[in-house]
Amino acid sequence: MDTGLKTHVLPAGAAATATAAGVLAEGGLVAFPTETVYGLGADAGNASAIARLYEAKGRPAFNPLIAHVADLGAARRIALFDGQALRLAEAFWPGPLTLVLPKALSCPVAELATAGLDTVAIRIPAHKVARDIIKAFGGAVVAPSANLSGHVSPTTAEHVNGDLDGRIDLIVDGGPVEVGVESTIVGCFSDPVLLRPGGLTRAEIERVLGHPLQSPPQGAESDAQPVAPGMLASHYAPRTPVRLNAGDVHVGEALLSFGPAKVARRECASVEMNLSERGDLAEAAANLFGYLRTLDKRHADAIAVTPIPEDGLGEAINDRLRRAAVGR
């Protein structure tokens with residue numbers, strides 16, 4: 001894709017916020033940090049801008065987008081909240097939780113962003129830079145991860161520039177993100193459903209609800225029509241093949257390890273990176289996408305990944321790794 005577009009990079013601050021709001025108002029595309037990953041923003045009510053976003057990412061238009069808003073009042077103009085949805089919003093917003101809700105009658109989010117569904121995905125980001133830009137813009141901003149579709153998600157401005165230079169108008173550089181995996185997505189249907197694990201753990205959500213989250217309905221994880229972002233079978237994938245739950249290392253492989261676990265034939269690894277030597281899942285989540293990108297550049301035969309616990313943030317980490325292992 002050769003657009004001849006010049007992508008500008010500005011350090012986060014008042015000038016960048018004002019510039020970003022202006023670019024969004026004119027139908028342009030702005031990458032900015034959230035607490036989870038860098039997002040690629042477009043005016044949620046502008047179908048032409050959203051079409052540009054899909055084109056820039058190479059993202060299939062049947063994959064819905066998350067509308068990011070400044071406050072709960074703005075969210076309630078977009079979607080219908082029942083008691084459980086309101087309880088989750090009040091407990092976890094701003095923060096790494098996305099709610100999939102029925103559209104309000106006068107929902108201003110363009111049909112292209114909701115992929116023709118009668119639901120809409122919404123969240124209020126906690127990152128100051130993201131919230132400042134959304135407030136300055138004055139409306140909802142759709143913001144999927146600021147990378148080429150299916151590739152490893154970006155956790156720094158440099159990652160964004162590596163994927164999207166020449167494809168978007170502006171990158172606001174706010175430094176490395178804090179959480180490192182995307183938001184948790186909960187479908188607020190008759191019973192709340194965990195559609196995608198992420199930066200907010202299942203246990204924290206269930207504690208507020210007072211009962212377990214349900215599993216996604218059959219067919220929800222479909223490459224034909226996913227019901228929420230991040231549910232395509234192949235997603236978050238480096239170009240190098242990924243081998244999961246590795247207890248040993250093959251000659252020519254890179255090693256992505258976790259904690260002090262023993263790995264047979266470790267000396268065969270062409271390079272090793274440890275997500276968290278002390279076995280901290282929050283640290284591992286923050287490092288995951290950056291380390292995958294670094295190892296991908298080493299042109300190894302494969303990336304061998306040692307087992308990671310499923311508890312807490314491990315559920316989100318393993319979800320991303322399983323999708324990465326499907327390949328591109």
Legend entry - Donor-acceptor pair between K103 and T119 side chains, under 3.5 angstrom: no
Legend entry - Where V242 and A325 come nearest, the two heavy atoms and their spacing: O-CB, 3.7 Å
Legend entry - Shared hydrophobic cluster for L29 and F137 (ILVMFWY, side-chain gaps under 4.5 Å): no
Inset, instruction - Check whether any side-chain N or O of Y38 sits under 3.5 Å from a backbone N or O of V177 as a donor-acceptor pair, and report yes or no. - result: no
Inset, instruction - For the pair N161 (side chain) and A157 (backbone), establish whether a donor and an acceptor sit closer than 3.5 Å, ignoring hydrogens and angles. - result: no
Inset, instruction - Taking the side chain as every heavy atom from C-beta outward, state whether P212 and R202 have any atom pair closer than 4.5 Å. - result: no
Legend entry - Derivation and outcome, side-chain contact (heavy atoms from CB on, under 4.5 Å), residues I122 and H68: CA-CA 6 Å; I122 311 177; H68 294 65; over 6 Å; no
Inset, instruction - Give a yes or no on whether L101 and L209 share a hydrophobic cluster (residues Ile, Leu, Val, Met, Phe, Trp, Tyr; joining criterion: side-chain heavy atoms under 4.5 Å apart). - result: yes
Legend entry - Exercise: identify the closest heavy-atom pair between H151 and D296: NE2-OD2, 4.0 Å
Legend entry - Min side-chain heavy-atom separation I66-P144 under 4.5 Å: no
Legend entry - Distance in Å, T156 OG1 paired with D173 CG, rounded so as to fall on 0.5 Å steps: 8.0 Å
Legend entry - Shared hydrophobic cluster, V263 / I303 (ILVMFWY, side-chain heavy atoms < 4.5 Å): no
Inset, instruction - Output the distance between atom CG (L255) and atom CZ (R266), rounded to the nearest 0.5 Å. - result: 6.0 Å
Legend entry - Nearest heavy atoms of F289 and T155, plus distance in Å: CB-CG2, 4.1 Å
Legend entry - same_hphob_cluster(L292, L313) at 4.5 Å side-chain heavy-atom cutoff: yes
Inset, instruction - Please test V9 against V172 for side-chain contact (heavy atoms from CB on, under 4.5 Å), starting from the C-alpha separation and ending with a verdict. - result: CA-CA 6 Å; V9 182; V172 177; over 6 Å; no
Legend entry - Donor-acceptor side-chain pairing of E253 and S270 below 3.5 angstrom: no
Inset, instruction - Report, as yes or no, whether the 6.0 Å neighbourhood of atom CD on E277 holds more than 12 heavy atoms from other residues, nucleotides or ligands. - result: no
Legend entry - Residue pair R265 / H250, side-chain donor-acceptor N/O under 3.5 Å: no
Legend entry - Pair R196 + E315: basic N to acidic O under 4.0 Å: no
Legend entry - Trace of the side-chain contact (heavy atoms from CB on, under 4.5 Å) decision for V208 with F92: CA-CA 9 Å; V208 168; F92 298 117; 3.5 Å; yes
Legend entry - From L288 atom CG to L321 atom CG, the distance as rounded to the nearest 0.5 Å: 5.0 Å
Legend entry - Main-chain N/O of R87 paired with E90 side-chain donor or acceptor, under 3.5 Å: no
Inset, instruction - Begin with the C-alpha distance, continue with both residues' side-chain angles, and end with the deciding distance and a verdict on side-chain contact (heavy atoms from CB on, under 4.5 Å) for V193 and L213. - result: CA-CA 5 Å; V193 175; L213 287 161; over 6 Å; no
Inset, instruction - For residues L65 and Y54, determine if any side-chain heavy atom of one lies less than 4.5 Å from a side-chain heavy atom of the other. - result: yes
Inset, instruction - For residues V30 and D169, determine if any side-chain heavy atom of one lies less than 4.5 Å from a side-chain heavy atom of the other. - result: no
Legend entry - Rounded distance (nearest 0.5 Å) linking atom CG of L256 with atom CG of N274: 8.0 Å
Legend entry - Atom of I168, atom of A56 and distance for their closest heavy-atom approach: CG2-CB, 4.2 Å
Inset, instruction - Locate the shortest heavy-atom distance separating A67 from V109; write the atom from each residue and the value. - result: CB-CG2, 4.2 Å
Legend entry - Euclidean distance, N318 CG relative to I308 CD1, rounded to 0.5 Å: 5.5 Å
Legend entry - side-chain contact (heavy atoms from CB on, under 4.5 Å), paired with D163, selected from N147, L40, V152: N147
Inset, instruction - State the OG1-CG distance between T7 and L164, to the nearest 0.5 angstrom. - result: 7.5 Å
Legend entry - D43 and R52 ion-paired at < 4.0 Å: no
Inset, instruction - Taking all heavy atoms of A300 and all of T240, pick out the closest pair and write down the distance. - result: O-CG2, 3.4 Å
Legend entry - Hydrophobic cluster identity match, V129 and L10, side-chain contacts under 4.5 Å: yes
Legend entry - Between E182 and S145: side-chain donor-acceptor atoms closer than 3.5 Å: no
Legend entry - F258 backbone acceptor or donor facing T306 side chain under 3.5 Å: yes
Inset, instruction - Determine whether L295 and V271 make a side-chain contact, defined as any pair of heavy atoms from C-beta on separated by less than 4.5 Å. - result: yes
Inset, instruction - Answer yes or no: are there more than 12 heavy-atom neighbours, outside E178 itself, under 6.0 Å from its atom CD? - result: no
Legend entry - Side chain to side chain, C188 and L99, heavy atoms closer than 4.5 Å: yes
Inset, instruction - Report yes if some heavy atom in the side chain of L281 is under 4.5 Å from a heavy atom in the side chain of D311; otherwise report no. - result: yes
Inset, instruction - Spell out, as yes or no, whether a donor-acceptor pair under 3.5 Å connects the side chain of T201 to the backbone of G312. - result: no
Inset, instruction - Indicate whether the side chain of D132 and that of T17 have a donor and an acceptor atom separated by less than 3.5 Å. - result: no
Legend entry - R243/D301 salt bridge by N-O under 4.0 Å criterion: no
Legend entry - Residue pair V186 / I205, side-chain heavy-atom distance below 4.5 Å: yes
Legend entry - Side-chain donor-acceptor pair present, T98, S183, cut-off under 3.5 Å: yes
Legend entry - Passing option when E35 is tested against R123, K128, R131 for salt bridge (charged side-chain N to carboxylate O under 4.0 Å, His left out): R123
